[in-house]
Q: 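Here's a structure for you.
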Amino acid sequence: MADFYNINIGEIFPNSNAEIYSVHSDYPVKDAFELMIKKKILSLPVYDTKTRKYNKFIDMLDIVSFCINHFSQKELSELDLNFILESKEIFQKFKIGDICDLSGRNGYYPVESTAPLKIGIDLMTKWGVHRLPIIDSEGSLISILTQSRVVEYLQNHIQNINGLDKTIGQLKDFGTGSVISIKKDRMVIDAFKLMHENGISAVPVVNQIGVLVGNISVSDMKMVGYDGTLFSRMFLPIESFLEMKPKNQNIDIFGKVLCVLDSTTIEEIITKFYISKVHRLYKVDLEGRPSAVISQGDLLKYFA
């Protein structure tokens with residue numbers, strides 16, 4: 001455990017010369033959205049053209065907030081060619097700098113690469129952020145430490161970490177007990193509204209008796225198209241939208257990889273996160289009703 005805590009953040013990256021995808025503050029929103037979709041990432045560091053340095057992030061929840069703020073008041077009857085053209089113009093008109101941290105959860109807190117990994121985990125937990133910009137001794141951005149990267153490191157060194165046999169049921173206040181869910185017959189835009197209003201990045205989808213049947217997250221914004229041309233999908237029933245989503249081949253490896261029980265161990269949670277590449281798991285009862293949300297951030301709190 002000591003080695004795990006003391007390793008420098010810079011040492012856990014397989015290639016220190018790996019490309020960092022970023023955008024400039026004066027680029028149109030469309031460019032950030034398109035790059036996130038093409039590179040399959042959820043956030044980008046933003047280079048402020050006025051201060052000439054990286055000082056913000058933009059992420060998919062910012063895109064959700066942007067869309068809700070500009071399109072949520074439209075009536076279904078207005079979903080015609082003019083509305084689609086208007087949405088394309090808005091994606092082009094607004095600049096990335098206009099909507100950075102629109103969701104209010106994208107704090108930009110640089111950490112030097114020589115800092116111990118334990119410090120990085122502690123800071124992620126303290127500030128409630130999903131990622132940290134990693135800088136060198138001169139303050140230049142050299143990498144991004146994400147919660148997912150820490151989970152990958154945990155999985156790769158799982159045999160050398162103590163305390164992973166504890167179960168969820170043995171841990172007090174592990175995860176978030178207040179579950180904000182949405183029924184599958186609601187519209188997709190209603191799910192994104194819930195995320196926007198509650199500052200969360202996903203909501204579980206349940207059937208009429210409350211059993212978990214799926215999940216909608218901010219990454220699903222890619223389904224509306226980065227230029228807004230498929231924005232009408234936001235008004236589909238969630239059940240239909242879920243059927244359109246590309247299937248995650250790893251979701252069914254454990255039967256229901258999105259679900260955990262009181263008997264699930266910390267080691268199993270790490271492995272579920274790593275293999276499925278999801279960012280949250282749902283604790284369910286024996287009938288499959290979600291009773292708590294366990295995020296990657298909750299997992300990292302265990303090591304903080």
Q: Can you name the closest pair of heavy atoms from H130 and M124 and give their distance?
A: O-CE, 4.1 Å
Q: Show the atom names and distances, to 0.1 Å, of all donor-acceptor pairs under 3.5 Å that link a side chain in residues 172-188 to residues at least two apart or in another chain.
A:
unit_1, atom_1, unit_2, atom_2, d
D185, OD2, Q208, NE2, 3.2
R186, NE, D190, OD2, 3.4

Q: Between K40 (side chain only) and I37 (backbone N and O only), is there a donor and an acceptor less than 3.5 Å apart?
A: no
Q: Is it true that the side chains of Q296 and S148 contain a donor and an acceptor less than 3.5 Å apart?
A: yes
Q: Check step by step if side chain to side chain contact (heavy atoms under 4.5 Å, CB included) holds for I216 and F241.
A: CA-CA 9 Å; I216 285 188; F241 183 81; 4.1 Å; yes
Q: Could you check whether K38 pairs with E34 (Lys NZ or Arg NE/NH1/NH2 to Asp/Glu carboxylate O, under 4.0 Å)?
A: yes
Q: Which value, rounded to the nearest 0.5 Å, describes the distance between S219 atom OG and K277 atom NZ?
A: 14.5 Å
Q: Membership question, hydrophobic clusters at under 4.5 Å side-chain separation (ILVMFWY): are W127 and L299 in the same one?
A: yes
Q: So Q155 and T271, side-chain hydrogen bond (donor to acceptor under 3.5 Å, both in side chains) or not? Walk me through it.
A: CA-CA 6 Å; Q155 177 65 34; T271 301; 3.0 Å; yes
Q: How many angstroms lie between atom CG of D31 and atom NZ of K95, to the nearest 0.5 angstrom?
A: 8.5 Å
Q: Using the six-membered ring of F303, assess whether NZ or CZ of K301 lies under 6.0 Å from its centre and within 45 degrees of the ring axis.
A: no
Q: About how many Å separate CD1 of I9 and CG of L132, when rounded to the nearest 0.5 Å?
A: 6.5 Å
Q: What's the separation between atom OG in S140 and atom OH in Y54, rounded to the nearest 0.5 Å?
A: 10.0 Å
Q: Give me the atom names and distance for the closest heavy-atom approach of S43 to R131.
A: OG-NE, 2.6 Å
Q: Can you tell if the side chain of L117 reaches within under 4.5 Å of the side chain of Y153, non-hydrogen atoms only?
A: yes
Q: Tell me if the CD atom of Q159 is crowded by more than 12 foreign heavy atoms within 6.0 Å.
A: no
Q: For E268 and S263, which heavy atoms make the closest approach, and how far apart are they?
A: OE1-O, 4.1 Å
Q: Heavy atoms, side chains only, cut-off 4.5 Å: are V278 and L258 in contact?
A: yes
Q: List the atom of I238, the atom of A191, and the distance in Å for their closest heavy-atom pair.
A: CD1-CB, 4.2 Å
Q: When you check the gap from the basic side-chain N to the acidic O, do D48 and K53 get nearer than 4.0 Å?
A: no
Q: Can you tell me how far the CD1 atom of I270 sits from the CD1 atom of I275, to the nearest 0.5 Å?
A: 12.0 Å
Q: Hydrophobic cluster membership, with links at side-chain heavy-atom distances under 4.5 Å among I/L/V/M/F/W/Y: are V206 and V260 in one?
A: no
Q: Search all heavy atoms of T114 against all heavy atoms of N8 and return the closest pair with its distance.
A: O-OD1, 3.1 Å
Q: Does the side chain of V293 reach to within under 4.5 Å of the side chain of D298, using non-hydrogen atoms?
A: no
Q: Would you say that P133 contacts F57 through its side chain, given a criterion of any heavy-atom pair below 4.5 Å between the two side chains?
A: yes
Q: Could you walk me through whether L212 and R289 pass the side chain to side chain contact (heavy atoms under 4.5 Å, CB included) check?
A: CA-CA 6 Å; L212 183 69; R289 296 181 178 86; over 6 Å; no
Q: Taking the side chain as everything from C-beta on, heavy atoms only, tell me whether I269 gets closer than 4.5 Å to T265.
A: no
Q: Examine the side chains of T49 and H24 and answer whether a donor and an acceptor come within less than 3.5 Å of each other.
A: no
Q: Determine the sole option in I266, I161, L164 for which the side chain to side chain contact (heavy atoms under 4.5 Å, CB included) test with L154 is passed.
A: I161
Q: Using a distance-only test with no angle check, is there a side-chain donor-acceptor pair under 3.5 angstrom linking T125 and D122?
A: no
Q: Tell me whether V129 shares a hydrophobic cluster with I135, the cluster being built from Ile, Leu, Val, Met, Phe, Trp, Tyr side chains joined at under 4.5 Å.
A: no
Q: Is it the case that the side chains of S201 and R280 hold a donor-acceptor pair, with the cut-off being a distance below 3.5 Å and no angle test?
A: yes
Q: Test side chain to side chain contact (heavy atoms under 4.5 Å, CB included) on R52 and Y47; report intermediate values, then the result.
A: CA-CA 7 Å; R52 297 185 179 182; Y47 182 80; 3.3 Å; yes
Q: For N198 and M195, indicate whether the former's side chain and the latter's backbone hold a donor-acceptor pair under 3.5 Å.
A: no
Q: With a 4.5 Å limit on heavy-atom distance, are the side chains of K283 and D262 in contact?
A: yes
Q: Do D59 and V218 have side-chain heavy atoms sitting under 4.5 Å apart?
A: no
Q: Is there side-chain contact between L123 and V111, with heavy atoms separated by less than 4.5 Å?
A: yes
Q: Please walk me through it: do K30 and Y27 pass side chain to side chain contact (heavy atoms under 4.5 Å, CB included)?
A: CA-CA 8 Å; K30 169 185 170 293; Y27 289 0; over 6 Å; no
Q: Closest approach of A32 and I58, non-hydrogen atoms and distance?
A: CB-CD1, 4.1 Å
Q: Can you tell me if E243 uses its side chain to pair, donor with acceptor, with the backbone of S240 under 3.5 Å?
A: no
Q: Nearest 0.5 Å, please: how far is CG in L141 from CG in D136?
A: 9.0 Å
Q: Please check if the distance between the ring centroids of F192 and H196 is under 6.0 Å.
A: no
